[in-house]
K.L.:
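Dropping a structure here in structure tokens format, bear with me for questions.
Just so we're on the same page: letters track the sequence lines, and every chain starts at 1.
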2 protein chains.
Amino acid sequence: MIKYSKQTRLLLAVDCIIFGFDGDTLKILLIKRGFQPEKDKWSLMGGFVQPAESLDQASNRILKQLTGLEGVYLEQLHTFGNPLRDPIERTISVTYFALIDINKYEQQLSSDYHPEWFPLKRVPKLIFDQQDMVELAKKRIRYKAALHPILFELLPAKFTLPQLQSLYESVYNTTIDKRNFRQRVLATGLLIKLDDKDKSASKRGAYYYQLNMQHYYANFQAFLNFIPNPGNLL
Amino acid sequence: MIKYSKQTRLLLAVDCIIFGFDGDTLKILLIKRGFQPEKDKWSLMGGFVQPAESLDQASNRILKQLTGLEGVYLEQLHTFGNPLRDPIERTISVTYFALIDINKYEQQLSSDYHPEWFPLKRVPKLIFDQQDMVELAKKRIRYKAALHPILFELLPAKFTLPQLQSLYESVYNTTIDKRNFRQRVLATGLLIKLDDKDKSASKRGAYYYQLNMQHYYANFQAFLNFIPNPGNLL
DNA sequence: GCAAAAGTGTTCCAAGTACACCCATGG
DNA sequence: CCATGGGTGTACTTGGAACACTTTTGC
């Protein structure tokens with residue numbers, strides 16, 4: 001087989017920033033790194049890209065290894081290639097961010113990694129340049145969610161408007177007027193009101209809603225304003 | 001030196017999608033590939049990442065090699081890693097897109113590459129998956145320019161409002177009411193009106209404007225609506 | 001019966017849109 | 001003097017923002 005001669009070959013890894021929402025706080029999932037260097041330090045879930053694997057495949061595999069989940073929202077974020085970012089050997093890292101329903105995440109599957117959810121405001125020191133990766137992912141989720149309805153990926157199929165509002169407030173670290181929020185959200189036509197209520201958070205109960213998947217996919221690229229003055233919050 | 005054992009090492013390349021605007025049409029700069037495979041086919045400007053080089057450094061080096069330009073707008077776009085994208089040997093490509101002032105581009109510097117500007121609507125067949133890269137870059141420039149004042153990077157330091165409007169119309173393949181366009185653009189406070197006029201395009205002449213760099217950098221992250229209903233155009 | 005969360009409407013203001021005429025100049 | 005492109009203002013519509021009270025129900 002012919003090769004490109006005289007060029008250096010490098011290691012290629014994928015690292016995943018996995019977001020979840022517990023009803024109150026936006027969190028990311030970290031693991032204790034299982035090998036040297038930096039063994040037992042907090043780290044993003046990652047792995048080397050295998051010879052026959054695309055980048056998307058690698059990120060999906062890595063996400064499944066840790067969470068047991070498939071078919072979740074996963075998007076390429078940025079590629080980090082500073083020559084010294086890994087002290088052992090130059091390694092390029094393609095980062096992906098994932099949005100998962102924290103309830104579907106199965107703790108047991110992944111116990112070898114000792115994974116833990118950390119609120120975004122209390123992320124521990126991470127290895128290498130992973131701090132930068134997390135910062136970038138935070139920015140990106142805020143940016144994208146200001147324009148596109150991606151945050152639904154963090155909620156169960158049935159959710160209430162107070163839950164949804166709490167999610168937006170948590171992502172943007174702000175408070176929103178509930179009347180305006182409901183108005184804006186319902187005006188998108190993305191939500192279908194269900195007949196049953198969630199009584200876990202209040203005595204009266206809040207109606208469940210679910211996504212209108214037709215509208216959801218059709219309007220995903222449109223600019224939807226879920227957030228007032230998003231530019232001010234990024 | 002310790003190494004990560006048993007992992008495959010890969011080639012890493014950077015490819016640049018270089019945009020320019022000639023006053024009428026949005027174009028990209030392509031070269032005739034100088035080596036096998038696909039020698040003499042139209043291709044993006046690219047190159048292998050060198051051992052001591054970051055990705056940003058590599059893309060700047062490659063851009064300078066072809067255009068002679070430094071310090072221009074250059075942004076990482078996406079990383080392509082399909083295992084079969086390069087038939088010779090697996091090569092990861094980190095793509096960047098650049099916005100340059102086509103007048104500053106110096107033809108002579110790069111004559112070994114036989115570069116040529118192609119209107120976006122008449123891009124020839126490209127090697128490997130570079131067609132996908134160009135498509136993605138087109139989407140990204142439209143997306144980003146709908147919200148941020150990046151298109152100024154395609155113009156000279158002094159430009160007229162008709163020029164600017166023509167640029168937006170060309171990027172979005174649409175027409176815009178000039179009264180509303182001027183109003184929106186001037187309302188951003190980003191432009192400073194100069195005293196002299198460009199008489200090359202009309203007898204009366206159009207006033208030159210330049211960017212207010214203070215406001216430009218301060219408002220770069222804000223969402224500015226240069227385009228009506230941008231969501232409809234992407 | 002009361003505390004706690006859910007649900008609902010209206011007024012006001014700002015921004016966007018549609019739209020048509022005059023101006024300056026070189027030929 | 002006229003053809004060509006440059007420049008300007010207004011009325012209207014729409015979407016976002018501010019804002020307070022009623023409803024339900026478990027305890």
K.L.:
Rounded to whole angstrom units, what separation is found between the CZ atom of A:Phe159 and the P atom of C:dA6?
P.N.:
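The distance from CZ of A:Phe159 to P of C:dA6 comes to 15 Å, rounded to the nearest Å.
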K.L.:
Roughly how many Å is it from CG in A:Asp198 to P in D:dT25, rounded to a whole number?
P.N.:
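So the two atoms are 14 Å apart, to the nearest Å.
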K.L.:
Mark yes when over 12 heavy atoms from residues, nucleotides or ligands other than B:Lys197 sit less than 6.0 Å from its NZ; otherwise mark no.
P.N.:
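Above 12, so yes.
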K.L.:
Taking donor-acceptor contacts at under 3.5 Å, does the side chain of B:Lys178 reach the base of D:dG6?
P.N.:
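Counting by modelled atom types and ignoring angles, a donor-acceptor contact under 3.5 Å is found here.
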K.L.:
Rounded off to whole Å, could you give me the CD-to-C1' distance for the B:Gln165 and D:dT8 pair?
P.N.:
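Whole-Å distance recorded here is 14 Å.
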K.L.:
Side-chain N or O of A:Arg182 versus OP1/OP2 of C:dA6: is the shortest distance under 4.0 Å?
P.N.:
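Result: no.
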K.L.:
Rounded to whole Å, please give me the gap between CG in B:Leu164 and P in D:dG6.
P.N.:
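Going from B:Leu164 (CG) to D:dG6 (P), I get 13 Å.
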K.L.:
The side chain of B:Lys203 lies closest to which of these nucleotides: C:dC19, D:dA3, D:dG26?
P.N.:
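Comparing C:dC19, D:dA3, D:dG26 against the side chain of B:Lys203, the answer is D:dA3.
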K.L.:
Expressed as a whole number of angstroms, how long is the span from B:Phe181:CZ to C:dA15:C1'?
P.N.:
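Atom CZ in B:Phe181 sits about 17 Å away from atom C1' in C:dA15.
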K.L.:
Just call it for A:Lys197: base, sugar-phosphate, or nothing, with non-hydrogen atoms closer than 4.0 Å on any strand.
P.N.:
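Contact class for A:Lys197: none.
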K.L.:
Rounded to whole angstrom units, what separation is found between the NZ atom of B:Lys199 and the P atom of D:dT4?
P.N.:
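B:Lys199 atom NZ is separated from D:dT4 atom P by 18 Å.
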K.L.:
Which whole-number value in Å describes the distance from B:Leu186 CG to C:dA15 P?
P.N.:
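It works out to 15 Å between those atoms.
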K.L.:
C:dA15 P sits how many Å from B:Arg184 CZ, rounded?
P.N.:
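The answer, rounded to whole Å, is 13 Å.
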K.L.:
By nearest nucleotide on DNA chain D, pick out whichever of B:Gln163 and B:Asn180 is the more 5' one.
P.N.:
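Upstream on the strand: B:Gln163.
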K.L.:
For the residue pair B:Phe97 and B:Phe19, categorise the inter-ring angle as parallel (less than 30°), tilted (30 to 60°) or perpendicular (more than 60°).
P.N.:
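Judged by the thresholds at 30° and 60°, the geometry between B:Phe97 and B:Phe19 is perpendicular.
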K.L.:
Are A:His148 and B:Tyr143 close enough that their ring centers fall under 6.0 Å?
P.N.:
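Yes, the ring of A:His148 comes within the 6.0 Å limit of the ring of B:Tyr143, centre to centre.
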K.L.:
Just say parallel, tilted or perpendicular for the rings of A:Phe159 and A:Phe152, cut-offs at 30° and 60°.
P.N.:
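The arrangement is tilted - the two ring planes meet at 30° to 60°.
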K.L.:
What's A:Ala187 touching, base or sugar-phosphate or nothing? Going by heavy atoms closer than 4.0 Å.
P.N.:
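It contacts nothing in the nucleic acid.
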K.L.:
For A:Ala201 and A:Asp177, take the nucleotide of DNA chain C holding the closest heavy atom to each; which residue's nucleotide lies nearer the 5' end?
P.N.:
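Result of the comparison: A:Ala201.
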K.L.:
Using the side-chain heavy atoms of A:Pro162, tell me which of these nucleotides is nearest: D:dG9, C:dT8, C:dA6.
P.N.:
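The listed nucleotide nearest to A:Pro162's side chain is C:dA6.
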K.L.:
Between D:dG7, C:dT8, D:dG9, spot the one nearest the side chain of B:Gln183, thanks.
P.N.:
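Side chain of B:Gln183 sits closest to D:dG9.
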K.L.:
Between the side chains of B:Lys32 and B:Glu116, is the shortest nitrogen-to-carboxylate-oxygen separation below 4.0 Å, so that they form an ion pair?
P.N.:
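Between B:Lys32 and B:Glu116 there is no salt bridge, as every charged N stays at least 4.0 Å from the carboxylate O atoms.
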K.L.:
Please compare A:Arg204 and A:Arg179 by the position of their nearest nucleotide in DNA chain D and report the one closer to 5'.
P.N.:
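Comparing both residues, the 5'-ward one is A:Arg179.
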